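Order of the sequence lines sets the chain letters (A, B, ...), proteins ahead of strands, with each chain counted from 1. Just so it is clear, the model here is predicted, and its values are computed rather than measured. Side chains are part of it too, since the values below use all heavy atoms of this structure and drop only hydrogens, waters and symmetry mates.
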Number of protein chains: 2
Amino acid sequence: MAGKRLTLADVARAAGVSKMTASRALRNAGDVSRANIEKVQQAAREIGYIGNPIAMSLSNQRTNLVGVVVPSASNIVFAEVLAGITEALSDSGFQPVIGVTDYNIDREAETIRGMLSWRPAGLIVTGLDQPEPTRQLLEHAGLPVVQIMDVDGTPTDGCVGIAQTEAGTAMARALIAQGRRRIGYIGCDLAGDTRATKRRAGFEAALAAAGVSLVGTLVSEQPSSVVAGRKLTVEFLSRHDDIDCLYYSNDDIAVGGLFHCMDAGIPVPEQILLTGFNGLDLVQALPAQIATTHTPRHEIGLKAAQLILEAADQRSNRVDRMIELPTRIDITPGFPR
Amino acid sequence: MAGKRLTLADVARAAGVSKMTASRALRNAGDVSRANIEKVQQAAREIGYIGNPIAMSLSNQRTNLVGVVVPSASNIVFAEVLAGITEALSDSGFQPVIGVTDYNIDREAETIRGMLSWRPAGLIVTGLDQPEPTRQLLEHAGLPVVQIMDVDGTPTDGCVGIAQTEAGTAMARALIAQGRRRIGYIGCDLAGDTRATKRRAGFEAALAAAGVSLVGTLVSEQPSSVVAGRKLTVEFLSRHDDIDCLYYSNDDIAVGGLFHCMDAGIPVPEQILLTGFNGLDLVQALPAQIATTHTPRHEIGLKAAQLILEAADQRSNRVDRMIELPTRIDITPGFPR
DNA sequence: GCTGGTATCGATACCGGTACCGATATCTTG
DNA sequence: CAAGATATCGGTACCGGTATCGATACCAGC
């Protein structure tokens with residue numbers, strides 16, 4: 001039943017050695033005879049001792065925690081990034097601590113501050129475009145920081161992501177190559193989501209370079225979802241009916257758009273080519289083709305965590321690496337128009 | 001710039017008081033004059049002091065952490081539960097620490113053990129059916145534990161979820177009421193996912209009570225996804241063609257099934273009524289109707305976290321409450337057959 | 001036998017907070 | 001004015017580990 005938790009002193013007593021020797025024995029820290037190592041480990045096992053990471057952290061000024069800051073937990077994209085992070089950390093002895101900001105910069109600053117107070121072994125933060133005070137916070141944190149999702153800018157330390165602006169540009173070129181000219185944009189570009197904004201900027205720039213301008217734009221401040229995408233599409237089409245292509249800020253809303261088109265009898269992609277972003281699993285199974293840009297979400301999480309682990313391994317407080325992962329455009333030709 | 005981190009002693013020195021007085025002033029712990037409270041808080045603000053939760057935890061034997069153990073991070077269902085938990089915790093001063101088990105019971109035990117070593121303020125664990133050793137671990141953890149998703153069984157402490165078996169039963173009755181008789185089951189029932197198994201059991205039992213038995217069953221050990229659902233449906237239909245209804249273990253694979261039916265020209269729900277589980281946002285936007293059971297995923301997370309907060313608030317180490325949340329069947333009548 | 005080296009161990013001092021209790025000063029009260 | 005109450009402070013001992021360094025024992029070498 002136990003009263004209080006067992007401490008190292010209990011192990012030491014059970015093994016008939018000092019606390020110090022017990023500590024060294026359990027950590028394989030040397031300066032202990034083989035006989036005592038076994039005696040201590042045996043004793044620890046028998047009484048069911050579990051170390052106290054809090055005391056350990058206080059003592060040696062570092063933890064086995066990795067802070068992760070994402071804007072949304074329910075968005076499947078970040079969920080997959082988190083899965084990548086957890087996978088990389090799973091057998092390393094490190095534990096992720098997740099913070100969610102809801103795309104709110106104040107909450108982001110607060111979350112980061114809260115995490116730093118725990119002196120984690122490293123920090124993974126979404127995005128490159130924190131406001132200056134937050135950036136300072138990261139800069140002077142004195143621990144490895146990896147910013148993820150994005151490489152369009154200057155990271156404070158490490159960085160793993162994709163070229164967002166370039167992704168928008170590439171898709172614009174691909175759509176033009178498909179012969180599309182009357183293109184609309186529909187987005188759930190939350191204020192805090194600079195990635196979507198960058199893609200859109202790259203997209204519009206490339207269109208302009210080809211002498212094309214957007215027929216119309218519809219931007220919502222709601223979080224993206226299939227339902228939202230469907231509604232936005234209805235609204236957009238009620239304003240602009242002469243359209244041969246729609247660029248959505250992500251797959252979720254593009255899929256919503258597709259569902260509307262299917263119900264409305266609009267041939268996709270023949271009449272309207274729908275374009276999302278991310279390359280979600282879902283997209284491959286759809287009963288009609290939509291274009292998308294595949295992004296390595298899982299791998300972003302994986303790499304980011306690996307960078308932290310490497311830095312922690314060599315007791316460095318910097319990562320100082322920038323990793324750009326490739327994206328891939330997936331576009332099935334519609335009938336030529 | 002800074003050399004090392006600021007400590008309470010620095011604040012005390014700056015304010016011209018003792019460590020103890022500074023500590024009390026910052027916590028509003030009483031026994032401090034109004035003048036000193038302001039002097040200390042002013043000093044803390046000026047030098048930019050951030051408390052050290054590690055030292056604090058070691059000292060008063062409790063943390064502001066809430067451990068959360070889920071089987072999957074990328075599954076949207078758990079992502080939404082996590083969102084609910086983060087929401088409930090967001091302004092409470094508590095932080096969630098998330099652990100992912102990948103439906104592996106060994107990893108689950110290990111994860112829980114790791115979390116307990118941090119002495120969190122509480123623990124939220126997915127499922128009621130941990131193996132005995134793990135159950136013991138929770139039982140003797142000496143802190144509030146809430147098991148979530150499921151109320152079909154005996155919780156070790158608190159519990160927030162839905163009646164899974166009953167959900168299966170209810171859907172079976174609803175389908176029979178719709179006139180469906182030739183029913184098949186398609187599931188991604190991972191070994192560790194006892195919820196899906198319970199629903200299926202309830203479903204089959206209710207069918208049997210109505211004198212109906214499943215035409216066929218196809219179960220996969222892969223994680224569920226839209227793509228998987230589509231493939232499984234193709235396989236199922238190649239074996240059993242005389243079907244008027246399919247019960248899937250969740251919405252993801254049901255949607256995959258729908259997509260196949262749409263491509264294959266099978267009228268849904270007229271010829272085959274498709275039935276998922278969860279009531280995902282996605283389902284409302286589909287271009288064809290599928291039936292589903294709405295589950296309060298977000299609210300499960302919310303309530304679970306609230307229970308932990310309440311217990312932590314009154315320094316209790318138990319929750320001792322069982323909350324069953326309602327589900328709602330959403331079924332649009334197809335043409336009578 | 002004495003010296004220096006190596007292996008092994010434990011006492012002590014932290015890490016950065018908080019709980020507890022005693023000390024001091026001011027204020028009441030009879 | 002003595003005695004007790006109240007408000008406010010600080011010293012000290014923890015919480016449960018680890019780093020450091022000195023102590024001890026045993027060995028080889030001369």
Q) Heavy-atom contacts under 4.0 Å between residues 15-27 of chain A and DNA chain D, which residues? A)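 Heavy-atom contacts with DNA chain D come from Lys19(A), Met20(A), Ser23(A), Arg24(A), Arg27(A).
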
Q | Listed once per pair and sorted, the salt bridge (charged side-chain N to carboxylate O under 4.0 Å, His left out) pairs that draw on residues 44-61 of chain B, sequence neighbours left out | A | none

Q: Kindly state each residue pair satisfying salt bridge (charged side-chain N to carboxylate O under 4.0 Å, His left out) with at least one member in residues 78-87 of chain B, sequence neighbours excluded.
A: Glu80(B)-Arg297(B)

Q: Would you give the length of the straight line joining atom CG of Leu123(A) to atom CD1 of Ile112(A), rounded to the nearest 0.5 angstrom?
A: 6.0 Å

Q) Taking five pairs at each end, how big is the angle between the two axes of the helix from dG1(C)-dC30(D) to dG30(C)-dC1(D), to 10°? A) 50°

Test salt bridge (Lys or Arg N to Asp or Glu O under 4.0 Å) applied to [X] - qualifying residues, sequence neighbours left out:
X: Asp152(B); value: none
X: Asp31(A); value: none
X: Glu108(B); value: none
X: Arg13(B); value: Asp10(B)

Q. So which one's nearest nucleotide on DNA chain D is more toward 5', Asp31(B) or Leu8(A)?
A. Asp31(B)

Q: Would you kindly give the CG-to-C1' distance between Asn28(A) and dT18(D), to the nearest whole Å?
A: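 Taking atom C1' of dT18(D) as the reference, CG of Asn28(A) is at 15 Å.
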
Are the side chain of [X] and the backbone of [Y] linked by a donor-acceptor contact shorter than 3.5 Å?
X: Asp150(A); Y: Gly127(A); result: no
X: Thr126(B); Y: Val69(B); result: yes
X: Asn317(A); Y: Leu143(A); result: no

**Q.** For Glu132(A), all residues meeting side chain to side chain contact (heavy atoms under 4.5 Å, CB included), sequence neighbours excluded
**A.** Arg135(A), Gln136(A)

Q. With sequence neighbours excluded, what pairs up with Ser59(A) under the side chain to side chain contact (heavy atoms under 4.5 Å, CB included) test?
A. none

Q. Can you pull the contact range of chain A along DNA chain C, 5' to 3', using atoms under 4.0 angstrom from its heavy atoms?
A. dT8(C) to dG16(C)

Q: Starting from the C-alpha separation in whole Å, work towards a yes-or-no answer on salt bridge (Lys or Arg N to Asp or Glu O under 4.0 Å) for Asp157(A) and Arg318(A).
A: CA-CA 7 Å; Asp157(A) 182 8; Arg318(A) 297 277 299 175; 3.7 Å; yes

**Q.** Nucleic acid contacts of residues 39-66 of chain A, taken as heavy-atom distances under 4.0 Å to DNA chain C
**A.** Leu58(A), Ser59(A), Gln61(A)

